[in-house]
Number of protein chains: 2
Amino acid sequence: MAVNGGKLDEAARAAWLYYVAGNTQDQIAAKLGVSRQSAQRLVSLAVSEGLVKVHIDYPIAHCLDLSKALRETYSLSFCEVVPTDPDSTSTTLGVAQATAAEIENWLGRPEPLIMGIGTGRTLRAAVEHLSTMECPQHRIVSLTGNIAPDGSAAYYNVIFTMADKVKARFFPMPLPVIASSEKERETLHAQPMIRPTLELAAKADVTFIGIGELDDEAPLYVDGFITREELQALRRAGAVTEIIGWTFDPQGRLVEGITNERVASAPIPSRETSLVIASAMGKKKLPGIRIALEGKLINGLVTDEATAEALLTPSLR
Amino acid sequence: MAVNGGKLDEAARAAWLYYVAGNTQDQIAAKLGVSRQSAQRLVSLAVSEGLVKVHIDYPIAHCLDLSKALRETYSLSFCEVVPTDPDSTSTTLGVAQATAAEIENWLGRPEPLIMGIGTGRTLRAAVEHLSTMECPQHRIVSLTGNIAPDGSAAYYNVIFTMADKVKARFFPMPLPVIASSEKERETLHAQPMIRPTLELAAKADVTFIGIGELDDEAPLYVDGFITREELQALRRAGAVTEIIGWTFDPQGRLVEGITNERVASAPIPSRETSLVIASAMGKKKLPGIRIALEGKLINGLVTDEATAEALLTPSLR
DNA sequence: TCATAGTATTAGCATTTGCTCAATCGCTCA
DNA sequence: TGAGCGATTGAGCAAATGCTAATACTATGA
C-alpha cells in the first residue's frame, strides 16, 4: 500500500507536470530522475487510475438547447445534456462524468443532506469518476439491497464503491434485491436495522438512479436477481423498464403480480418534495427513459445529445 | 459574436471528443467534417481559451504534509500546497488554478455569502481560471480602488474580469488606490456610494488576496500608484510587503507616515470572524508571506511546495 | 546459493500531434 | 470590378507520445 501509494504519488506529480505545468514527458523524466518511458508510464497510470480529471467548461449551444427543451417538455427541475460521440459504443461516456460532477456538487455543500443512490452500470461508472471528498455532514443511503443471489455483495450496488471515495455516513441495505416472497419482504423491512434506513431513503433530498432495460440483457436478469421465466412473465405483463428493482409498464405503472410485490428496494423518493435524477443514454434505454419522464417517476435527467434528440421526437413510440 | 461563439462551440465539441471521449484528432476531423489540421486547431483553441479544465485529483503526500505543517505552525484555518515545477519561471503556476478552485468552491454554495477580493498578478491569474458560474445569491466586493493614476480602470483590479465569468452582485470601489491626502481619503470614504461598500467588505465571509513585494518591481510602483521616491521612503521606513495597498514592516505592523494614511483600500477583514486567504508563491514573495503569516494578517494560504518548504525552514530570515 | 515467477525497465518503432510556411479564401473599399 | 489585406486552410515535417517485445531486476522459497 505504501509502495502503491508512493507510485500513485509519483504518477500524480508526473501528471501535474504534464497537464498543469505543460512539461513534455522528457522534461518530466529529467525532473523526476526516471527514463522517458517511465515518465510516460506514470502519466498514463495517472490517467488510467482516474487521477486526471478533465472537463470542458463551455456550454455547447446545442446541448443547452436540448436540455432546456427537455426541462420544459417534461417539467424537469434539472437536466444536463452532454455531447455524443457517434462512434462510441459506451453507454456511459460523458453521462458518467456529468453525473459524477453533479454528485460532487451536492456533496460539496456544507449543510447536511440525505442522498439516495440507486444501482446499475451507469451509476457505477459515475461513481468511479468521483473525487475523494470529506463530507461527514451528509448521509448517503442505498435504495436497493446489496446482497446478490449467491450471497455475495451485489457488484452493481455502488454504495461501497462510493464509500471508498467519499467520507460520509453510509446506509447500505443488507437485503437481497428481490425477496423470495411478499411476506419475507415485510419481515425483512420490519427489521430494526432496515426500517430506519428505509425511512431515511424516503427523506432523501436528492437521489441518483439508473434506468434498466428488460430486454435479454436486462441487468436484473443478467445479474441473477430474476429468472429467465420471471423476465419473460414481466415482459408478457407489459413491463418495459426497471428502476432500482421496480418494473414499470409503458404508462409508468408498477407491473403487478410477478416480482414487484417482492422487491425489497425503497420506493423512489417523492418527486414533489425532492430531486430524483436519472442518468441514462443510448437507444436501448430510450423507452425506459421515456416512461420515467412521462410517468413522472423522475424530475431530473442526465443524458446525451442523441438520446435527448430522440426523446424530443414524439413520432416513434 | 455568433460566429465566434459558434467557433468556440465547435472547439468545445472537439475538445470534448479529444479529452473526454478519447478520440484522436483524425477521428475528430472525420466526425466534425473538417481536416485533421483544423481539428487540431480547434482542440488547441479550446485549450488556449481556457475551455479545458484539467485537475489532478490526488493528494500528493508531500504537499499534504507541508500544508498540514503550515496549518499547525501558523494556526491557519486553510492551507493548500500545490507541486512546484522547478524549471518554471511563472509566479502563478498551480497556485492560480488552486485558488480558482477554492473560489469556485465558495461560490458554489447555495447560501448567500460575501466574498472580498484583493488585487494583483496572482489573483488575476486565478480569476482567469474561473469557470462561468451563476450565483446571484452572493455578493463580491473589491477591497481596493479600481482607478489607475491615469484615470483608467486599474488592470490588476480583478473584479471586472471576475464579473465577466461569474454572475453575482459586484461591488467595485470607484476610488483611486491611494488618495492624494489623508483628508481626501476621508472625503472619498464618506461618499454615499463608497461607505456601504466598505461596510460590506468588513463583513466578508471569505477574502482572497495577493501579496506584493516592495522591491524594484513592486506592483504598487510599477503600476504607478506610488512614486519611486515614495517606494524608497517606504523601504527606508522598514516596509517589506504590501497587501491590497497597505504596506507592512517585518513585524506585520502598518508603516506609518508615508502612504498608509492615504491608502483608500478597505482594511483586511477580520481574521477572527472570517477567512482571509492569501495566494502567493516564489522566492521574491517569501518575506511578504512570512510577515503575513507571523503577523496574523491572514488565516489561509495557497502556495507551492518550494515556498512552503522555505516557510517551514526558520533559519534564514 | 540458486532457480523462478512476477514485476519493472529499456530500446526501438509506429502513430499522433504541433508547428511553419505558402496558398487560398472572402471581405472591404476605392 | 478588382486590388489589397486579414483570416483561414492544407501540406509537409519535426517533435512528442504510446506501444510492443525483449531484457533486467527483485523477492521468495527450496
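All values below were derived from every heavy atom in this structure, side-chain atoms included, with hydrogens, water molecules and symmetry-related copies excluded. Residue numbering restarts at 1 for every chain, and letters A, B, ... go by the order of the sequence lines.
A salt bridge links E213(B) and K284(B); the closest N-O separation between the charged side-chain nitrogens and carboxylate oxygens is under 4.0 Å. The pair E104(A)-K165(A) does not count as a salt bridge, with every side-chain nitrogen at least 4.0 angstrom from each carboxylate oxygen.
Stacking of R71(B) on the aromatic ring of F78(B) is not recorded, the 6.0 Å distance cut-off and the 45° axial limit not both being met.
Heavy-atom minimum distance, N146(B) versus P172(B): ND2-CB, 3.4 Å. When all heavy atoms of L130(B) and D57(A) are compared, the closest pair comes out as O-OD2, 4.4 Å.
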*Using the salt bridge (charged side-chain N to carboxylate O under 4.0 Å, His left out) rule, take D223(A) and R121(A) through it: C-alpha gap first, then chi angles, then the decisive distance, then the call.*
CA-CA 11 Å; D223(A) 297 344; R121(A) 272 83 178 149; 3.1 Å; yes
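Q27(B) contributes a side-chain N or O that, together with a main-chain N or O of T24(B), makes up a donor-acceptor pair within less than 3.5 Å. Looking only at distances, a side-chain donor or acceptor of T303(B) sits under 3.5 Å from a matching main-chain atom of A280(B).
One side chain, T307(A) or D304(A), offers a donor N or O that lies under 3.5 Å from an acceptor on the other.
Within residues 11-35 of chain A, the residues approached by DNA chain D to less than 4.0 Å at the level of any non-hydrogen atom are Y18(A), T24(A), Q25(A), in residue-number order. Interface residues of residues 37-46 of chain A facing DNA chain C, ordered by number: Q37(A), S38(A), R41(A); criterion, heavy-atom separation under 4.0 Å.
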So which protein nitrogen or oxygen atoms get under 3.5 Å of nucleotides 25-27 of chain C's nitrogens or oxygens?
none

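Distance, R36(A) CZ to dA11(C) P: 11 Å, rounded to whole Å.
Using a 4.5 Å cut-off on side-chain heavy atoms (C-beta onward), S131(A) and K53(A) make contact.
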